[in-house]
Amino acid sequence: MEHQQSSRPRLSPSGDTEDIVALLAPRLAHFAGVARTEHVTRAAQEMNVPQSTLSRALVRLEQDLGVDLFVRRGRTLALTVAGRTFLGSVERALAEVERAADEVRADADPATGKVAFGFLHTMGAETVPGLLHAFRADHPRVRFSLVQNYGEAMLERLRAGELDLCLTSPVPDAPDLVARRLDEQKLRLVVPADHSLAGRRRIRLAEAADEIFVTLEPGYGLRRITDALCKEAGFRPKVAFEGEEAETLRGLVAAGLGVALLPPPAVPRPGVVELTVTAPRAAREIGVAWLAGRTDTPPVAAFKRFLLSRRGSLLPS
């Protein structure tokens with residue numbers, strides 16, 4: 001096999017990396033196969049490709065690199081020093097590609113695949129563990145990568161391809177997402193146990209207009225809901241503390257540092273009293289969202305169907 005002079009330009013050492021990869025990648029497996037056998041015919045038979053295709057691929061690879069990878073000795077080949085150096089890197093690269101392919105195939109396996117699932121912090125203590133327990137009754141070997149965060153952060157990770165599904169509130173309305181309402185969760189006004197309102201069972205939110213509030217930080221869905229409900233009740237809440245987690249806020253209330261609008265706790269918290277808000281209607285919608293146009297793997301599709309089947313009964317009673 002003789003080298004033919006070609007008018008095709010060689011790759012410049014300063015050339016764009018993506019161009020180099022796109023040009024070389026299809027030929028690397030051919031090169032590695034010939035390097036293992038040191039014989040084009042045997043390599044072509046093992047790889048089930050025409051010998052002519054393999055020979056052309058090797059010539060073009062050497063031309064693109066600008067170096068000789070093989071010494072031709074009749075029908076056999078021997079690696080040059082440059083060829084041996086190149087082979088070590090090529091074998092590591094191909095092994096990494098094979099590992100990555102095995103991993104994504106495993107994640108898509110209907111029985112043992114993986115679901116990347118995001119949810120609100122307030123759903124982590126009881127709701128999500130209960131959902132996963134029920135789902136795995138029929139899918140015992142499906143694996144989960146779980147992410148707890150506030151709504152906007154989860155939607156960003158959904159768009160970035162880091163999550164398959166997420167439970168969030170409010171239910172998003174965006175052209176690049178698909179969202180379905182699953183349930184509704186009532187919010188309560190939480191006050192310290194020694195507060196003047198603690199003897200009440202129900203309250204109109206307007207009665208708390210003069211109270212100091214503790215809330216989640218701006219950007220959290222529950223914070224937007226709190227601000228909107230207070231506005232509907234005719235006031236703007238006076239916020240003394242802003243946090244990142246509902247149970248921390250409940251602890252601040254217990255310490256006498258303010259009142260808060262919060263979903264029910266997983267377990268009763270001492271030091272606070274939780275009042276039903278009669279007006280305005282205080283509730284938040286919980287929904288599941290996913291990226292529009294994305295093809296689900298079998299385990300993701302199964303878990304999505306499961307979540308949608310829980311419409312109206314997602315939350316613990």
Side-chain angles (χ1 to χ4, degrees), residues 1-116 141-145 157-164 291 293-302:
M1 184 168 64
E2 297 181 356
H3 284 285
Q4 301 294 322
Q5 293 295 325
S6 171
S7 60
R8 297 171 67 251
R10 293 178 176 179
L11 288 171
S12 167
S14 60
D16 186 86
T17 300
E18 291 185 2
D19 291 342
I20 294 172
V21 171
L23 192 61
L24 297 184
R27 300 171 191 154
L28 297 185
H30 291 160
F31 164 73
V34 173
R36 283 193 299 270
T37 63
E38 296 188 333
H39 199 285
V40 175
T41 302
R42 284 200 296 269
Q45 291 171 345
E46 290 182 5
M47 302 175 72
N48 197 28
V49 297
Q51 181 176 334
S52 58
T53 298
L54 201 54
S55 297
R56 285 195 299 270
L58 295 181
V59 170
R60 289 173 182 170
L61 179 60
E62 290 180 315
Q63 290 174 342
D64 291 335
L65 290 173
V67 297
D68 289 332
L69 300 174
F70 295 97
V71 176
R72 276 74 181 172
R73 297 171 179 166
R75 295 183 178 182
T76 64
L77 304 174
L79 286 168
T80 64
V81 172
R84 292 194 181 281
T85 299
F86 192 54
L87 178 61
S89 295
V90 167
E91 287 181 330
R92 288 192 294 272
L94 293 175
E96 181 63 19
V97 170
E98 184 176 3
R99 184 204 62 78
D102 288 343
E103 183 176 331
V104 297
R105 282 196 294 263
D107 287 348
D109 185 273
T112 62
K114 185 169 71 174
V115 179
R141 294 192 292 160
V142 168
R143 297 168 290 125
F144 283 83
S145 173
R157 297 186 70 166
L158 201 63
R159 291 183 169 105
E162 298 173 14
L163 292 176
D164 297 309
L291 198 61
R294 180 174 177 175
T295 301
D296 294 330
T297 62
V300 171

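As the structure is a computational prediction, the values presented were derived from the model and not from experiment. Note that the numbering runs from 1 along the sequence shown for the chain.
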Exercise for the section: Please name all residues satisfying side-chain contact (heavy atoms from CB on, under 4.5 Å) with A32, sequence neighbours left out, ordered by chain then number. Expected result: R36, L87, V90, L94
Fill in the blank from the handout: Heavy-atom closest pair (A43 atom, G33 atom, distance to 0.1 Å) is CB-O, 3.8 Å
Exercise for the section: Please identify each residue that fulfils side-chain contact (heavy atoms from CB on, under 4.5 Å) with E38, with sequence neighbours left out. Expected result: R84
Problem - Pairwise distance NE2(H39) to CG(L77) - rounded to 0.5 angstrom - result: 8.0 Å
Handout entry: Nearest heavy-atom neighbours spanning D164 and R294
Key = OD1-NH2, 2.9 Å
Problem - Exercise: identify the closest heavy-atom pair between A57 and R27 - result: O-CD, 3.8 Å
Handout entry: Close side-chain approach of D107 to T297, heavy-atom, < 4.5 Å
Key = no
Exercise for the section: Give a yes or no answer on whether the side chain of R143 reaches the backbone of T112 with a donor-acceptor pair at less than 3.5 Å. Expected result: yes
Completion exercise
Between V34 and F70 the two heavy atoms that sit nearest each other are CG1-CZ, 3.8 Å
Exercise for the section: Sequence neighbours left out, what passes side-chain hydrogen bond (donor to acceptor under 3.5 Å, both in side chains) with E46? Give chain and number order. Expected result: none
Problem - Shortest non-hydrogen separation from F31 to L58 and the atoms involved - result: CA-CD2, 3.8 Å
Problem - Rounded distance [0.5 Å steps], CG in L291 versus CG in D296 - result: 10.0 Å
Fill in the blank from the handout: Residue set satisfying salt bridge (charged side-chain N to carboxylate O under 4.0 Å, His left out) with R42, at least two apart, ordered chain then number -> none
Practice task
Apply side-chain contact (heavy atoms from CB on, under 4.5 Å) to A78 and list each qualifying residue two or more places apart in sequence or on a separate chain.
Solution key: R73
Problem - Residue pair A108 / P299: nearest heavy atoms and the distance that separates them - result: O-CD, 3.5 Å
Handout entry: Straight-line distance of L54 CG to T41 OG1, nearest 0.5 Å
Key = 9.0 Å
Handout entry: Residues which pass side-chain hydrogen bond (donor to acceptor under 3.5 Å, both in side chains) with Q45, listed by chain and number, not counting sequence neighbours
Key = none
Exercise for the section: Hey, could you give me each pair passing side-chain hydrogen bond (donor to acceptor under 3.5 Å, both in side chains) that has a residue in residues 86-102? Not counting sequence neighbours. Expected result: S89-R92, E96-R99, R99-E103, D102-R105
Handout entry: side-chain hydrogen bond (donor to acceptor under 3.5 Å, both in side chains) involving R141 - partner list, sequence neighbours excluded
Key = none
Exercise for the section: Rounded to the nearest 0.5 Å, what's the gap from OG1 on T80 to CD on E62? Could you check? Expected result: 7.5 Å
Completion exercise
With sequence neighbours left out, the residues meeting side-chain hydrogen bond (donor to acceptor under 3.5 Å, both in side chains) with T53 are none
Handout entry: Gap separating the CG atom of L65 from the CZ atom of R60, nearest 0.5 angstrom
Key = 14.5 Å
Exercise for the section: Check side-chain contact (heavy atoms from CB on, under 4.5 Å) between A93 and all other residues, then give those that pass, not counting sequence neighbours. Expected result: none
